[in-house]
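Computed from a prediction, not measured in an experiment: that's the story for all the values here. As the structure lists them, so they are numbered: ligands from 1, and atoms in each ligand from 1. Along the sequence shown, residues carry numbers from 1.
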Amino acid sequence: MTNHTNEAIVVIDVQNDFCPGGALAVDGGDEVVPVINRILRNYPVRVFTQDWHPAGHRSFASAHLGKLPFETVTMPYGPQVLWPDHCVQGSDGAEFHEDLQTAPGHAFLRKGFNAEIDSYSAFFENDHKTPTGLDGYLRARGVERITFAGLATDFCVAWSALDAARLGFGVTVRLDACRAIDLDGSLARALAEMEDAGIRLVDKATPPVPR
Ligand code: VGL
Ligand code: ZN
């Protein structure tokens with residue numbers, strides 16, 4: 001299935017703050033770890049991302065007077081959900097889950113380090129313009145297809161997968177290796193958008209399509 005030299009796995013934000021007990025815990029977030037550990041080596045190119053915010057980041061509700069987490073505000077680049085403080089650079093919450101096997105990883109990409117702009121996608125900040133450099137890295141390594149796993153399905157995974165599809169990669173999302181925040185129907189919307197974009201959504205119940 002994945003014995004292709006042009007296939008990458010991009011593991012999104014499997015960090016303590018997105019796992020149970022973390023600042024922005026995703027239900028069952030830690031359950032993705034054994035699945036990712038099991039499939040990682042099937043992919044010849046392996047990338048891990050980390051959400052990596054400076055203290056006081058503008059995506060934090062605490063940086064907006066009178067705003068609470070999960071409210072939405074308008075930023076210069078569009079609507080922005082406000083989050084609890086999370087994945088602050090150098091904090092324990094920003095570390096990878098301790099059971100995640102990162103040693104086989106090739107490239108580690110940090111995003112969201114610009115204090116004024118959030119970056120859900122691993123390819124572009126939320127202005128949809130400022131590149132992270134991941135596109136160039138993957139192309140330079142000859143990657144044509146990308147499988148995504150990690151957290152959270154409806155935010156960083158979906159935004160990354162949608163950008164990858166727009167950039168011309170063949171895209172698969174392993175839903176059994178992802179968990180969602182699901183804020184006001186965000187999961188259903190993200191799944192529909194990904195399907196419309198031609199992204200292959202697979203989980204344990206769905207055998208891979210032969211190619
Ligand atoms: C994420 C919200 C805020 C994610 C990151 O990794 O999906 N979600 N920052
Ligand atoms: Zn974040």
Exercise. Can you find a pair of side-chain heavy atoms, one from His97 and one from Asp30, that are under 4.5 Å apart?
Worked result: yes
Exercise. What atom name does the N, O or S atom of Asp51 nearest to the Zn ion (ligand 2) carry?
Worked result: OD2
Exercise. Any side-chain donor-acceptor pair under 3.5 Å between Asp51 and Gln15?
Worked result: no
For this session: Check each atom of ligand 1 against the heavy atoms of Ala152 and keep those under 4.0 Å away; list them by number with element.
Result: 4 (C), 6 (O), 7 (O)
Seminar exercise, completed: The reported gap from CG in Asn114 to CZ in Arg58 (rounded to nearest 0.5 angstrom) is 12.0 Å
Exercise. Going by the atom numbers of ligand 1, which of them fall below 4.0 Å from some non-hydrogen atom of His86?
Worked result: 3 (C), 9 (N)
Exercise. Ignoring hydrogens and geometry, is there a side-chain-to-backbone donor-acceptor pair from Asp154 to Ala190 under 3.5 Å?
Worked result: no
Exercise. Can you list the ligand 1 atoms lying under 4.0 Å from a non-hydrogen atom of Leu151?
Worked result: 4 (C), 6 (O), 7 (O)
Problem set entry | Parallel, tilted or perpendicular, as decided by the 30° and 60° cut-offs, for the rings of His128 and Trp159 | parallel
For this session: Among Thr49, Asp163, Thr132, Asn126, find the one that has a side chain to side chain donor-acceptor pair (under 3.5 Å) with Ser121.
Result: Asp163
Exercise. Which residue holds the protein heavy atom closest to atom 2 (C) of ligand 1, what is that atom called, and what is the gap in Å?
Worked result: Trp83 CE2, 3.4 Å
Exercise. At under 4.0 Å between heavy atoms, which part of Ile12 makes contact with ligand 1: side chain, backbone, both or neither?
Worked result: neither
For this session: Enumerate the atoms of ligand 1 whose separation from the nearest heavy atom of Phe18 is less than 4.0 angstrom.
Result: 1 (C), 4 (C), 5 (C), 6 (O), 9 (N)
Exercise. Taking both backbone and side chain into account, is any N, O or S atom of His53 nearer than 2.8 Å to the Zn ion (ligand 2)?
Worked result: yes
Seminar exercise, completed: Answer key: the N, O or S atom of His86 nearest to the Zn ion (ligand 2) is NE2
Exercise. Should Arg41 and Arg46 count as side-chain neighbours, where that means a heavy-atom distance under 4.5 Å?
Worked result: yes
Problem set entry | Taking atom 5 (C) of ligand 1 as the reference point, the nearest protein heavy atom with its distance | Asp51 OD2, 3.1 Å
Problem set entry | Identified side-chain contact (heavy atoms from CB on, under 4.5 Å) counterpart of His53 within the set Phe60, Phe113, Trp83 | Phe60
Seminar exercise, completed: re atom 4 (C) of ligand 1, the protein heavy-atom contact at minimum distance is Cys156 SG, 2.7 Å
Exercise. With atoms numbered from 1 as shown, which atoms in ligand 1 lie under 4.0 angstrom from a non-hydrogen atom of Asp13?
Worked result: 4 (C), 6 (O)
